[in-house]
Amino acid sequence: MSLPTNEHRSPTEHRKRPHAAFAVAAVVVFAIVVALGFAAIQHGASSSNLNSSNAESQIMAVGDAMAGASSADASASCPPYGPLPYADPYSGEGYAAVDETGFVSTAARPLSTFSADADTASYANLRRMVREGARPDDVPSGAVRIEEMLNYFDYDYAPPEGDELFGVTAGMADCPWNPDTKLLVMGFATTPAERAPEAGSNLVFLIDVSGSMADTDKLPLLQSAFATLVENLDERDRVSVVTYSGEERVVLEGASGADKRRILRAIESLRAEGSTNGEAGLRTAYDVAERQFVEGGANRIVMASDGDLNVGMSSESDLHDFVDERRGRGVYLSVLGFGTGNYQDSKMETLADHGDGSYHYIDCEAEARRVLDRNLLVNFTPLADDVKLQVEFNPAQVKGYRLIGYENRTLADEAFRDDAADAGEVGAGCAFTVAYEVVPADSPFDVAEPQLKYGAGNADGEQGDSATGEGATDASAKDGADGGAQRGFAARAVGEEWLTCSMRYRPVGQSGAREQALAVDASSLVAAPSADWRFAAAVIECGMVLRQSPHAGKATLQAALELVDDARDEDRAEFASLLQTLARRDMEPAAAPYARSRS
């Protein structure tokens, strides 16, 4: 049975040719509705609640102070916001369900282990939705990944010291949405890089040219911004272009980065039509990347698509298995997502996560320039592979904790020192942020603790007294023998430290893994946190509200807006404007009720 071609068009396109008589009738009905609506609005305005008016005034005042413009103005880097032209616009988009991590008892599980993540797609995708007119309730919860929202922005994190690859910054203060907990924000930064390695780069662009990519916010958007990337290439770089639709095609292979005109002609010649055979395209792109491999350079496939794969591999499990098979040969796969209406976020994220690359969403030309210029030749240059983090909490100081975000990046505790276990890749000039909500030992906040018959020991079976630390000696001795074996919580039950954050990674080009650690104690707890901490708290609060998190406590969009007291750059000013817009829309009645899919 032949598969239908993917001829997706934007929902508004289907309404362009109504019958003339129907059009006239529609105009008459529309005029009547507008007249009735105007009268109803006037009547509602005269009887509006005073508290709602005050709240809206506060939202506008705070937002204008932070963003320097009303919510109707254009954002710092993308087109202005506007109303949604149709109901339930995201029902055709695909997002993975998010199962939030709740509070964990330190006594039961003192270790929190997960993979690093420097993706930014979720924030740009959210910005696109808000610009289209989405209200908070319209945003699918699966589209809100708080770690990607945090990682979109720049922070003043400490640089690495000595021979370490990462600088680590930690700050802790009272949690804005829960008076009984603390918010810990940790930043990890690498040394900035000016461009790709001296050996040059091998870039293979795998571009979806199926029919669904014809919309102006997809292939045409990529083409218009591609010159930004080409400007930074030189004779050390090799550029290939592979396309796929009903069939795959090698448009360009191994072109010198100095031959800018040839590269741009190849990109400008692309046209969107046909079905979407992503499998054939991926296989060909990996083959080209391996033929053009640059020893000691940056070897990367950059896939540009809306994720609407309908021929060949189309399930997330199939994509996962294929990319896993090709991973480990020195070629990284990064993903650029485009479009709306049929966007398949979960497939795109799967490809990037298992292709040892990063994931970005392109919602406007300014974002395309940001990613193609700032990210591809800098942050995409691999620095460390299999970057894992393990945070060990001290039960003498911490009753419980919860990791905010990174739900799809969690690892088994024993995987931290298993160098065969795959984890995130981090590039030069990259930074990422990690946040925990921490429950102090003396907090009235209740954290459920399981009743253990034999107590909590380490992975080797030793048990210790959580009050005295007895029984930890053997485990600590083993740490020195194997570079840091799994520790039981008794080893750090005594003392002023709240937690120790350990990182394990493999520097690119080296076979052995390295570790570094940072202990966090009461000195990191401050009454007046930094502007970076407050901004990160605002991003987290926004994400929890949009996700309808059960741990949101007193979080509101307005409270998040009030935390943004340092709009130091265009990105932060834009976020303040986005918050202001969402807060205002949250107070307005919905235009029409409709069933919403939030998964």
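Nothing here was measured: the structure is a model prediction, and the numbers come from that model. Because only heavy atoms are used, hydrogens play no part in the values below, and waters and symmetry mates are left out as well, while side chains stay in.
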Peer 1: Is D356 salt-bridged to R300, going by a charged N under 4.0 Å from an acidic O?
Peer 2: no
Peer 1: Decide whether E100 and S549 meet the rule of one side-chain donor and one side-chain acceptor closer than 3.5 Å.
Peer 2: yes
Peer 1: Has the side chain of T169 got a donor or acceptor atom that lies under 3.5 Å from a matching backbone atom of A158?
Peer 2: yes
Peer 1: Between Y95 and S346, is there a side-chain heavy-atom distance shorter than 4.5 Å?
Peer 2: no
Peer 1: Going through the checks in order, is the side chain to side chain contact (heavy atoms under 4.5 Å, CB included) test met by V438 and F103?
Peer 2: CA-CA 9 Å; V438 178; F103 283 95; over 6 Å; no
Peer 1: Before giving the answer on ring-ring contact (aromatic ring centres under 6.0 Å, His included), spell out for Y406 and F114 the whole-Å C-alpha distance, their side-chain angles and the decisive distance to 0.1 Å.
Peer 2: CA-CA 7 Å; Y406 293 91; F114 58 99; 5.1 Å; yes
Peer 1: Please give me the minimum heavy-atom distance between S305 and D208, naming the atom from each residue.
Peer 2: OG-OD2, 2.9 Å
Peer 1: Within the distance-only criterion (no hydrogens, no angle test), does the side chain of Y155 pair as donor or acceptor with the backbone N or O of L150 below 3.5 angstrom?
Peer 2: yes
Peer 1: Would you confirm whether S115, through its side chain, and G424, through its main-chain N or O, come within 3.5 Å as a donor-acceptor pair?
Peer 2: yes
Peer 1: Which heavy atom of D353 sits nearest a heavy atom of D119, and at what distance?
Peer 2: OD1-OD2, 3.6 Å
Peer 1: Look up atom CG in L372 and atom CD in E367, then write down how far apart they are to the nearest 0.5 Å.
Peer 2: 9.5 Å
Peer 1: Distance only, no hydrogens: is a donor on one side chain within 3.5 Å (strictly under) of an acceptor on the other, for D306 and S212?
Peer 2: yes
Peer 1: Kindly give the heavy-atom pair with the smallest separation between V520 and L184, and that separation in Å.
Peer 2: CG1-CD1, 4.4 Å
Peer 1: So that I can tick it off, tell me whether E147 and R409 are bridged by a salt bridge, with the cut-off set at under 4.0 angstrom between side-chain N and carboxylate O.
Peer 2: no
Peer 1: Hey, does V398 have a side-chain heavy atom less than 4.5 Å from the side chain of L499?
Peer 2: no
Peer 1: Would you kindly say whether R128 and Y343 are connected by a side-chain donor-acceptor distance under 3.5 Å?
Peer 2: no
Peer 1: Are T216 and L221 close enough that some pair of their side-chain heavy atoms sits under 4.5 Å apart?
Peer 2: no
Peer 1: For a quick test of reading the model, state the closest non-hydrogen atom pair linking E148 to Y123 and the distance between them.
Peer 2: O-CB, 4.4 Å
Peer 1: How long is the gap from CG on D117 to CD on E349, to the nearest 0.5 Å?
Peer 2: 7.5 Å
Peer 1: Regarding Y361 and S122, do their side chains bring together a donor and an acceptor under 3.5 Å, going by distance alone?
Peer 2: no
Peer 1: Report the C-alpha separation of D373 and N232 in whole Å, then their side-chain angles, then the decisive distance to 0.1 Å, and conclude whether the side chain to side chain contact (heavy atoms under 4.5 Å, CB included) test is met.
Peer 2: CA-CA 8 Å; D373 182 17; N232 294 299; 2.8 Å; yes
Peer 1: With a 4.5 Å heavy-atom cut-off, do R145 and D345 have their side chains touching?
Peer 2: yes
Peer 1: Do P440 and W498 have side-chain heavy atoms sitting under 4.5 Å apart?
Peer 2: yes
Peer 1: How long is the gap from OG1 on T556 to CG on L582, to the nearest 0.5 Å?
Peer 2: 12.0 Å
Peer 1: Are the side chain of D215 and the backbone of K218 linked by a donor-acceptor contact shorter than 3.5 Å?
Peer 2: no
Peer 1: Any salt bridge linking R547 with E407? Criterion: basic side-chain nitrogen under 4.0 Å from a carboxylate oxygen.
Peer 2: yes
Peer 1: For L383 and C430: C-alpha separation, side-chain torsions, deciding distance, then whether side chain to side chain contact (heavy atoms under 4.5 Å, CB included) applies.
Peer 2: CA-CA 9 Å; L383 179 72; C430 186; over 6 Å; no
Peer 1: Between the side chain of E437 and the main-chain N/O of C175, is any donor-acceptor distance below 3.5 Å?
Peer 2: no
Peer 1: Has S334 got a side-chain atom pairing as donor or acceptor with S358's backbone, closer than 3.5 angstrom?
Peer 2: yes
Peer 1: In Å, rounded to the nearest 0.5 Å, how long is the span from CG of D308 to CE of M348?
Peer 2: 10.5 Å
Peer 1: Has R568 got a side-chain atom pairing as donor or acceptor with A573's backbone, closer than 3.5 angstrom?
Peer 2: no
Peer 1: Please step through side chain to side chain contact (heavy atoms under 4.5 Å, CB included) for the pair Y505 and K388, ending with a clear verdict.
Peer 2: CA-CA 6 Å; Y505 51 84; K388 307 168 190 173; over 6 Å; no
Peer 1: Can you find a side-chain donor-acceptor pair between E132 and Y90 that sits under 3.5 Å?
Peer 2: yes
Peer 1: Is a side-chain donor or acceptor of S443 paired with a backbone partner of D180 at a separation under 3.5 angstrom?
Peer 2: yes
Peer 1: Going by the angle between their ring planes, with limits at 30° and 60°, are F535 and F575 parallel, tilted or perpendicular?
Peer 2: perpendicular
Peer 1: Any salt bridge between D586 and R135, counting N to O under 4.0 Å?
Peer 2: no
Peer 1: Is it true that a side-chain atom of R131 and a backbone atom of D363 form a donor plus acceptor pair closer than 3.5 Å?
Peer 2: yes
Peer 1: Which value, rounded to the nearest 0.5 Å, describes the distance between L203 atom CG and F205 atom CZ?
Peer 2: 5.0 Å
Peer 1: Are Q390 and S502 close enough that a side-chain donor and a side-chain acceptor fall under 3.5 Å?
Peer 2: no
Peer 1: Establish, yes or no, whether the cationic atom of R370 lies under 6.0 Å from the six-membered ring centre of Y152 and within 45° of the ring axis.
Peer 2: yes
Peer 1: Could you check if a side-chain atom of Y359 sits within less than 4.5 angstrom of a side-chain atom of L333, using non-hydrogen atoms only?
Peer 2: no
Peer 1: Determine the minimum heavy-atom distance between D174 and K182, stating which atoms define it.
Peer 2: OD1-NZ, 2.5 Å
Peer 1: To check you understand the geometry: which heavy-atom pair defines the closest contact between P176 and E541, and what is its length?
Peer 2: CB-OE1, 4.1 Å
Peer 1: So among T433, D532, T190, which one has a side-chain hydrogen bond (donor to acceptor under 3.5 Å, both in side chains) with Y157?
Peer 2: T433
Peer 1: Nearest 0.5 Å, please: how far is CZ in R534 from CD in E562?
Peer 2: 9.5 Å
Peer 1: For A116, enumerate each residue passing the side chain to side chain contact (heavy atoms under 4.5 Å, CB included) test, keeping only those at least two apart in sequence or located in another chain.
Peer 2: V387, L389, V426, F432
Peer 1: Quick one: does I404's side chain get under 4.5 Å of Y436's, heavy atoms only?
Peer 2: no
Peer 1: Going by heavy atoms in the side chains, are V168 and C501 under 4.5 Å from each other?
Peer 2: no
